[in-house]
Amino acid sequence: MKKNKLLLVDGNSIAFRAFFALYNSLERFKNKQGLHTNAIYAVNTMLENIVAEEQPTHILVAFDAGNTTFRHEYFEDYKAGREKTPSEFKEQMPYIRDLIDGLGMKHYELLNYEADDIIGTLAKQADPEEFDIVVLSGDKDLTQLVSDNVTVNVTVKGVSETEVYTPAHIKEKYGLTPQQIIDMKGLAGDQSDNIPGVTKIGEKTAIKLLTEYGTVENIYEHIDDMKKSKMKENLIKEKDIALLSKKLATINVEAPIDVSLDDLKYEGKNLDKLVPFYKEMNFNSFLDKLGTDGIELPAEDMAEVPYTLAEEITSDMFETDMSLYVEMLDDNYHTADVIGIAWGNQERIYVSEGSAVLENQLFQNWLADSSLTKKVFDFKRTYVALNRFGAAFNGAKFDILLAAYLLDTLGSNDDIGELASGFDYRDVDTDEAVYGKGVKKGVPADKAAFHSHLARKVKAIDVLYATLTAALEEKNQSELFYDIEFPLSKILADMEITGITVQASRLEEMKVEFAQRLHEIEQKVYEEAGETFNLNSPKQLGVILFEKMQLPVIKKTKTGYSTAVDVLEQLRDKAPIVDYILQYRQIAKIQSTYVEGLLKVIFPDGKVHTRYIQTLTQTGRLSSVDPNLQNIPIRLEEGRKIRQAFVPREKNWKIFSSDYSQIELRVLAHISDDEHLKEAFIAGQDIHASTAMRVFGIEHAEDVTPNIRRQAKAVNFGIVYGISDYGLSQNLGISRKEARTFIDTYFEKYPGVKKYMKDIVREAKDKGYVETLYHRRRYLPDINNRNFNLRSFAERTAINTPIQGSAADILKIAMLMIDKRLREENMQATMLLQVHDELVFEAPESEIETLQTIVEDVMENAVKLRVPLKADSSIGDTWYEAK
DNA sequence: GGTTTCACG
DNA sequence: ACGTACGTGAAACCG
């Protein structure tokens, strides 16, 4: 019975792999001293993964030592011709050894021997009766060691995936035994090590030869039996090279090492070394993980943040330019309990438990006084919560969360602790660390810890203010923050507080009707299937359709058969059940998500109060949650009826809606400055028809059939998304080649657009980010990735984000201006919803005409582009009628 | 908690 | 050759 498992790691090769695995993030992985840390970071992950997986009892990480090895004695060009190691990599090697010390692993090197030889020697020394051996390496050289007790894991991509070589795997992959790998290299060579091999013989040929003859030596024994060929000539001519190559590729299992297996016993991490090391490297996530793994960390050296428990409120507790934090544990600030409030500056901080302080007149006065400025974290959340207590909140001058989002949408984080550490401020814990998570989330029993946490948040806000304002300035984003996003957050807060009235009675009617219809369709499905099953389960449905009923499989998902709409559409004619399923799906979606979903979130005031998330999307759009009011059905009549439940809050009021026509294509026309695209908009043409005429060479507008217009529309969409022939072909159900032709013609007809795409991708590759018209920024870390998919995705994003994001900028600006106008004109009309290119209002009927004039005027003139902007409006008694 | 599906712009 | 349209949120299932 084996008790031991020995892990042998090829340190150099995995470090090298690690370096390139995170090469794209090279500049993001730097510690305070400017040391690159990407390889160190990735090595840590690789080693953690393999230890967790293999649970070794003994570990050795072997390194190469010296520039020459015994192999150079035979062949002076060994490993010649390699590109020289990047200095960013070299500088990390010493620290990787420190990391290994910290992880409690032994490392070893031997002058003039390679890591491979050390590993080979140890693998041979370990008694197979006593040890299982796992080797981890970044290249395949070591696979020759594979045997019944030796497994070799080779990293394939990234940091987490490895290919596991066992004798069976080698057999399957090459049809060879592990020992024959050496012979294969003898014949085919190895470019990375500059092992020459025989001319014109590659892996494939080598395998064929070895399958027949077994070894290199045996090939030469029987060389005379081979029939005449170029290959045979090469083999004869280069016999010396073949034998030398084999020798070079052979791992020395007799290296004079002076470590014994007993020295390699693994006893866990050496925290006294590891913790300071992680800190030096700025590896906060690994530090956090040590904490959550229940490992006791050496006392955190968080600075003390003194505070006063504000039991009695006095006027001297307030002054201008303080920071304020209102604590709620639940996300939904429309309903969450306020469990504590803290305010202050870097000199003094006050903490008050619960929400009682909100009733205090002095506190309310401070909040309401616009001349006394306050900095906050998440203004909208704070404002809405205070509003519930009747507390007016004026004088807000900065929002840390919002600013951090603008600076880098990728790292945006709604936890102060995590956000702060992203800006190298460490004196505040994460909420998860203090309150826990899931069902156990709550105020800690240690009240002092709770109070201290609130005080720390206030201090963090105060300290980060300087950092973030400077960063906004540096990135030319101060206007975006102060003139657009920050003022918008107040408008959004008011919209959320106002809410929109939803008639529960209408939804209840629909619920009964849909329930009836669902039941009927369900019965038909079961009848066709010959059995009952869970129609909501794609898995069970797949079994019925593709196994029981033997319908053709069109598409597969990761886990089984796809039953998505586009698949079912194609199966419609094959069996009547398919159509029933489509009907069921459609109604079930409306019933569960919209009818039942909305009923659940109607407040006692008869309204739904969504939350717009202003700091989430990568493009600058808003998102809407609880409920999401940005995806209420409209395309299909069945679903559209949901909008009948959205009504004005007063009798004799109307719903008014105005949306931008083709804003994204207009933005594209503007930023690309394409003559023809601009011309079409300036002439007020139907843009899809216009595209159709140019792309399909149609002379007269009346010859554009609806179908051709539909195709042109799809092309226009594709352009905005960063077109690919495949995507377009899927969308239109045409061949890839046809799609390619459409795209090529489009670019020919709209050269400005083509140039924009080329330029923006180039710019993204150079700068690492793209920008909107108002300097909203999106970083694209994968834009130079060597992985085709990741890189292509980043390229499409580079094209799309300035378009989608600038459109978002424009609607936000329009919202600010409309809000201002409505105030100036003392209108009762109220802005209720924003749906990306649409604004929804409620207003007394008497105001509608004025409202329409104002809204359209503002939307169309919010910004000046090289093409006109167009807004279309509609009015109705419900949102349904306002179409 | 991940996956699939489907609603919107 | 690669395997794709851009941006979201919610419900349901399932391990």
Side-chain angles (χ1 to χ4, degrees), chain A residues 157 409 437-438 533-542 555-568 581-582 584-598 600-601 610-613 616-636 638-640 642-643 659-665 668 714-732 736 739 743 770 778 785-805 807-808 811 833-839:
Chain A
K157 66 169 187 190
T409 53
K437 64 172 174 180
F533 61 97
N534 185 346
L535 196 36
N536 289 319
S537 162
K539 194 179 165 190
Q540 294 182 34
L541 179 61
K555 199 164 73 178
K556 291 203 130 198
T557 66
K558 243 178 262 184
T559 51
Y561 313 108
S562 170
T563 65
V565 175
D566 59 321
V567 171
L568 296 182
I581 293 164
L582 284 166
Y584 179 89
R585 280 263 177 90
Q586 196 200 35
I587 296 174
K589 173 81 181 180
I590 301 167
Q591 181 78 316
S592 66
T593 306
Y594 297 103
V595 178
E596 291 168 356
L598 278 173
K600 272 185 238 165
V601 292
T610 188
R611 277 149 37 230
Y612 290 104
I613 311 292
L616 185 143
T617 69
Q618 301 300 306
T619 55
R621 278 190 175 181
L622 301 175
S623 86
S624 158
V625 293
D626 244 9
N628 179 357
L629 294 180
Q630 294 181 319
N631 73 345
I632 302 299
I634 189 164
R635 291 171 193 170
L636 300 172
E638 296 287 3
R640 192 173 197 155
I642 293 290
R643 293 177 177 231
D659 68 292
Y660 273 120
S661 157
Q662 305 300 348
I663 187 164
E664 294 193 345
L665 283 172
L668 174 63
V715 172
N716 279 333
F717 269 96
I719 293 293
V720 169
Y721 295 155
I723 202 152
S724 76
D725 51 8
Y726 181 85
L728 183 63
S729 74
Q730 288 297 297
N731 191 302
L732 281 177
R736 223 168 125 160
I743 295 166
V770 290
R778 179 173 186 176
N785 201 307
R786 275 179 309 285
N787 177 316
F788 176 88
N789 282 329
L790 293 177
R791 188 179 63 249
S792 302
F793 182 43
E795 288 171 359
R796 293 196 294 273
T797 311
I799 292 167
N800 174 264
T801 296
I803 302 172
Q804 189 182 120
L811 189 59
L833 304 176
Q834 191 257 37
V835 194
H836 309 309
D837 64 356
E838 175 191 11
L839 294 172

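A, B, ... follow the sequence lines: proteins, then strands. Residue 1 opens every chain.
No contact: A/Thr801 has no heavy atom under 4.0 Å from any strand. Heavy atoms of A/Arg635 sit under 4.0 angstrom from at least one base atom. Residue A/Ile632 is in sugar-phosphate contact alone, with no base atom involved, counting any heavy-atom pair closer than 4.0 Å across all strands shown. In this structure, A/Thr617 reaches the sugar-phosphate backbone alone: every heavy-atom distance under 4.0 Å involves primed, P, OP1 or OP2 atoms, never a base. Using a 4.0 Å heavy-atom criterion, one finds that A/Leu616 contacts the sugar-phosphate atoms exclusively. If you check every strand for non-hydrogen atoms under 4.0 Å, A/Asn628 touches sugar and phosphate atoms only. Note on A/Asn536: only backbone sugar-phosphate atoms sit closer than 4.0 angstrom, heavy atoms only; bases stay farther off. In this structure, A/Glu838 reaches neither bases nor backbone, as no heavy-atom distance under 4.0 Å exists between it and the strands shown. Note on A/Gln540: only backbone sugar-phosphate atoms sit closer than 4.0 angstrom, heavy atoms only; bases stay farther off. In this structure, A/Ile613 reaches neither bases nor backbone, as no heavy-atom distance under 4.0 Å exists between it and the strands shown.
Panel note: side chain A/Ser624, backbone A/Pro627; a donor-acceptor pair is recorded below 3.5 Å. Judged purely by atom type and a 3.5 angstrom limit, A/Gln630 uses its side chain to pair as donor or acceptor with the backbone of A/Gln834. Judged purely by atom type and a 3.5 angstrom limit, A/Arg611 has no side-chain atom pairing as donor or acceptor with the backbone of A/Asp626. For the pair A/Tyr660 (side chain) and A/His836 (backbone), a donor-acceptor distance under 3.5 Å is absent.
Phosphate contact (OP1/OP2 of C/dC13, side-chain N/O of A/Asn534, threshold under 4.0 Å): present. Contact between the side-chain N/O atoms of A/Ser623 and the OP1/OP2 oxygens of C/dG9 is found at a separation under 4.0 Å. In this structure, A/Arg796 does not reach the C/dA5 phosphate: none of its side-chain N or O atoms is under 4.0 Å from OP1 or OP2.
Taking every heavy atom of both residues into account, A/Tyr721 and A/Arg796 meet most closely at O-CB, 3.7 Å. When every heavy atom of A/Asn534 is checked against every heavy atom of A/Gln540, the shortest pair comes out as N-OE1, 2.8 Å. Annotation for A/Leu728 and A/Ala739: closest pair CD2-O, 3.9 Å, computed over non-hydrogen atoms. Between A/Leu622 and A/Thr617 the shortest heavy-atom distance is O-CG2, 4.0 Å. Summarising the geometry of A/Ile799 relative to A/Val720, their closest heavy-atom pair is CG2-O, 4.5 Å, with the distance given to 0.1 Å. Across A/Ala564 and A/Arg585, no two heavy atoms sit closer than the pair CA-NH1, 4.4 Å.
Donor-acceptor pairing under 3.5 Å, judged by distance alone, is present between the side chain of A/Arg736 and the base of C/dT4. With hydrogens and angles left out, the side chain of A/Arg778 and the base of C/dG7 share no donor-acceptor pair within 3.5 Å.
Annotation: proximity of residues 714-722 of chain A to DNA chain C (heavy atom, distance under 4.0 Å) is found for A/Ala714, A/Gly718, A/Tyr721, numbered in ascending order.
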**Base-pairing string, 5' to 3', of DNA chain C - Watson-Crick or wobble, under 3.5 Å, | interstrand** = .....|||||||||.

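Rounded to an integer number of Å, the gap from CD of A/Gln618 to C1' of C/dT8 is 11 Å. One interatomic measurement links the two molecules: NZ of A/Lys539 to C1' of C/dG15, which rounds to 9 Å at whole-angstrom precision. The CD atom of A/Glu795 sits 16 Å away from the P atom of C/dA5 (whole-angstrom rounding). Rounded to an integer number of Å, the gap from CG of A/Asn800 to C1' of C/dT4 is 14 Å. In this structure, A/Asp837 places its CG atom 16 Å from P of C/dT8, rounding to the nearest Å. Distance A/Gln591 CD to C/dA12 C1': 14 Å, rounded to the nearest Å. Counting to the nearest Å, the P atom of C/dC2 and the CG atom of A/Asn785 are 18 Å from each other. Between A/Gln804 atom CD and C/dA5 atom C1' the separation is 13 Å, expressed in whole Å.
Looking only at side-chain heavy atoms (C-beta outward), A/Thr797 and A/Val770 stay at 4.5 Å or farther from each other. Two residues are said to be in side-chain contact when any heavy atoms from C-beta on lie closer than 4.5 Å; A/Tyr612 and A/Leu833 meet this criterion. Here the side chains of A/Thr559 and A/Lys539 are not in contact, with every heavy-atom distance at 4.5 Å or above.
Protein chain A contacts DNA chain B from B/dT3 to B/dG9, reading 5' to 3' and using non-hydrogen atoms of the protein with a distance under 4.0 Å.
Look at the C1' atom in both B/dC6 and C/dA1: the space between them is 32 Å, to the nearest Å. Look at the C1' atom in both C/dC2 and B/dA7: the space between them is 32 Å, to the nearest Å.
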**Request:** Quick one: do A/Phe533 and A/Leu535 satisfy side-chain contact (heavy atoms from CB on, under 4.5 Å)? Show the steps, please.
**Result:** CA-CA 6 Å; A/Phe533 61 97; A/Leu535 196 36; 3.9 Å; yes

